[in-house]
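In what follows, a structure is listed as structure tokens, so that the remarks can point back to it.
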Amino acid sequence: MTRDVTVASRLEGSVRVPGDKSGSHRALLLSALADGESTIEGLSAGEDVRSSARIVGQLGARVTPSGSSVSVVGPPEGLGATPEALDCGNSGTTMRLLSGLLAGVAGTHHLVGDDSLSRRPMDRVAQPLSLMGARVQGVGERVCAPLTIVGQSHLRAIDYTVPVPSAQVKSAILLAGLRAEGETVVHEAVRTRPTTEMMLRQAGVDIDIDETHSGRTVRLRHSRPLARHWRVPADPSQAAFFVVLGALHPHAEIRVAEMDDAPERTGFLSVLLRMGAQLELTRSAQGLGVVARSSDLTATDIDSSEIPSVDEVPILAVAAAGARGRSRFTRMGELRLKESDRFAGSLALATSLGCAVGSEGDDFWIEGLGSADHFHAFEIDAGLDHRIVMSSAVAGVCGRGARIGGVETVASSYPNFFADLDGLRA
Ligand code: S3P
């Protein structure tokens, strides 16, 4: 589906972005593993999270809406295998986290995904899970979906250093570790989002979390998560679109509230502050609130260690396109392995806005145009990538408009994105 995004003369108001996608997946999985009823408030309504909800249902949990929250009842005897295919849709988090969970569920499990997900590498989870005693088979050297996983109710604990910064890989190992004899130890050289280990701890799991120099070591012993009430904060990766929108648009004041404020999630705010963005930050028990106002942005250098999941890089590429000077993005290879090749996608987007760009190896640069007023009107096909759609829409609203193909993929993470965007037009 194609959509024309028009320029806004003025933007103001508050946006309630969806519940954090990472927290939503984990709340569903941990609740399904527990014995009895958990409730989840603030669950993301995106398709990715719905895939996780559907699958834990297929494995024996009961998932039902209950007022403004969702009730999940985990079976006392634990989750069980089903001969049905488990469809993860577009969601890498679903496929990787479930691989870890299913490694510890006896039986054979079949995981499938859409075309985008079937191109993404699953060897990064297959390798450690095989060391733990599960069998994970997929297509080709990179073990792409469809996956067949043969799980065991007793796994071996491992001591494992995750080779690329990846919260999904860390989480898959920790979920498998719940069913392993002995102590499972996961080291990461760069700290990735701590959602899994924090939520495991909240669910009463026997776990230690130690911060090392710039990394983290998590140790976990055989446990079953307890049923409880979860409150999912707003998703910082979705808030990022509106924060950049507020800073880049010449007449804007946009408020986003109550997002997860783990430092691994909010690196994009430090980047924008360095670029001169007028951001007002407020912290409360409910999370981090941000007011973003029209700003003159200047170029900066961004290394992937500042934004470990690289999820916010496409929207920061739009900010760089409207900034004064050349922004450099270094060690961005992981961008190629997301829902689409976001390394190419971010450069293509900046190019269509009228910027000079260049790349070498895993690094790239964007020569900013000094203001969104200088953006070109553009057309782009976002393929199967929700974040490219939303980044393009922000660029179009701030600049000279855009025609975006493939807009339906926003449903995977943010079904109301265009309604929320249009709600800010004053
Ligand atoms: C996620 C981890 C990140 C991120 C994704 C969600 C998670 O991927 O890109 O959107 O919920 O664990 P990595 O595994 O590359 O960190």
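Numbering of ligands and ligand atoms starts at 1, following listing order.
- The side chain to side chain donor-acceptor pair (under 3.5 Å) with Arg331 is formed by just one residue from the set Asp363, Asp303, Asp362; it is Asp303.
- Evaluation of the ring pair (Phe, Tyr, Trp, His ring centres under 6.0 Å) rule for Phe241 yields no partner, not counting sequence neighbours.
- The number of heavy atoms from other shown groups lying within 6.0 Å of CZ (Arg120) is above 12.
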N or O contacts of ligand 1 with protein under 3.5 Å, please list pair by pair.
{"unit_1": "ligand 1", "atom_1": "8 (O)", "unit_2": "Lys338", "atom_2": "NZ", "d": "3.3"}
{"unit_1": "ligand 1", "atom_1": "9 (O)", "unit_2": "Asp311", "atom_2": "OD1", "d": "2.6"}
{"unit_1": "ligand 1", "atom_1": "9 (O)", "unit_2": "Asp311", "atom_2": "OD2", "d": "3.2"}
{"unit_1": "ligand 1", "atom_1": "9 (O)", "unit_2": "Lys338", "atom_2": "NZ", "d": "2.7"}
{"unit_1": "ligand 1", "atom_1": "10 (O)", "unit_2": "Asp311", "atom_2": "OD2", "d": "2.9"}
{"unit_1": "ligand 1", "atom_1": "11 (O)", "unit_2": "Ser22", "atom_2": "OG", "d": "2.7"}
{"unit_1": "ligand 1", "atom_1": "11 (O)", "unit_2": "Arg26", "atom_2": "NH1", "d": "2.8"}
{"unit_1": "ligand 1", "atom_1": "11 (O)", "unit_2": "Arg26", "atom_2": "NH2", "d": "3.4"}
{"unit_1": "ligand 1", "atom_1": "12 (O)", "unit_2": "Arg26", "atom_2": "NH2", "d": "2.6"}
{"unit_1": "ligand 1", "atom_1": "14 (O)", "unit_2": "Ser166", "atom_2": "OG", "d": "2.6"}
{"unit_1": "ligand 1", "atom_1": "14 (O)", "unit_2": "Ala167", "atom_2": "N", "d": "3.4"}
{"unit_1": "ligand 1", "atom_1": "14 (O)", "unit_2": "Gln168", "atom_2": "N", "d": "3.0"}
{"unit_1": "ligand 1", "atom_1": "15 (O)", "unit_2": "Lys338", "atom_2": "NZ", "d": "2.9"}
{"unit_1": "ligand 1", "atom_1": "16 (O)", "unit_2": "Ala167", "atom_2": "N", "d": "2.9"}

For residues 130-152, please give each side-chain donor-acceptor pair under 3.5 Å, one per line with the distance, not counting sequence neighbours.
{"unit_1": "Ser130", "atom_1": "OG", "unit_2": "Ala126", "atom_2": "O", "d": "2.6"}
{"unit_1": "Arg142", "atom_1": "NE", "unit_2": "Asp123", "atom_2": "OD2", "d": "3.1"}

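- Within the structure, salt bridge (charged side-chain N to carboxylate O under 4.0 Å, His left out) contacts touching residues 40-68 (residues at least two apart or in different chains) are Lys21-Asp48.
- Here the CZ-OG distance, from Arg119 to Ser340, works out to 8.5 Å after rounding to the nearest 0.5 Å.
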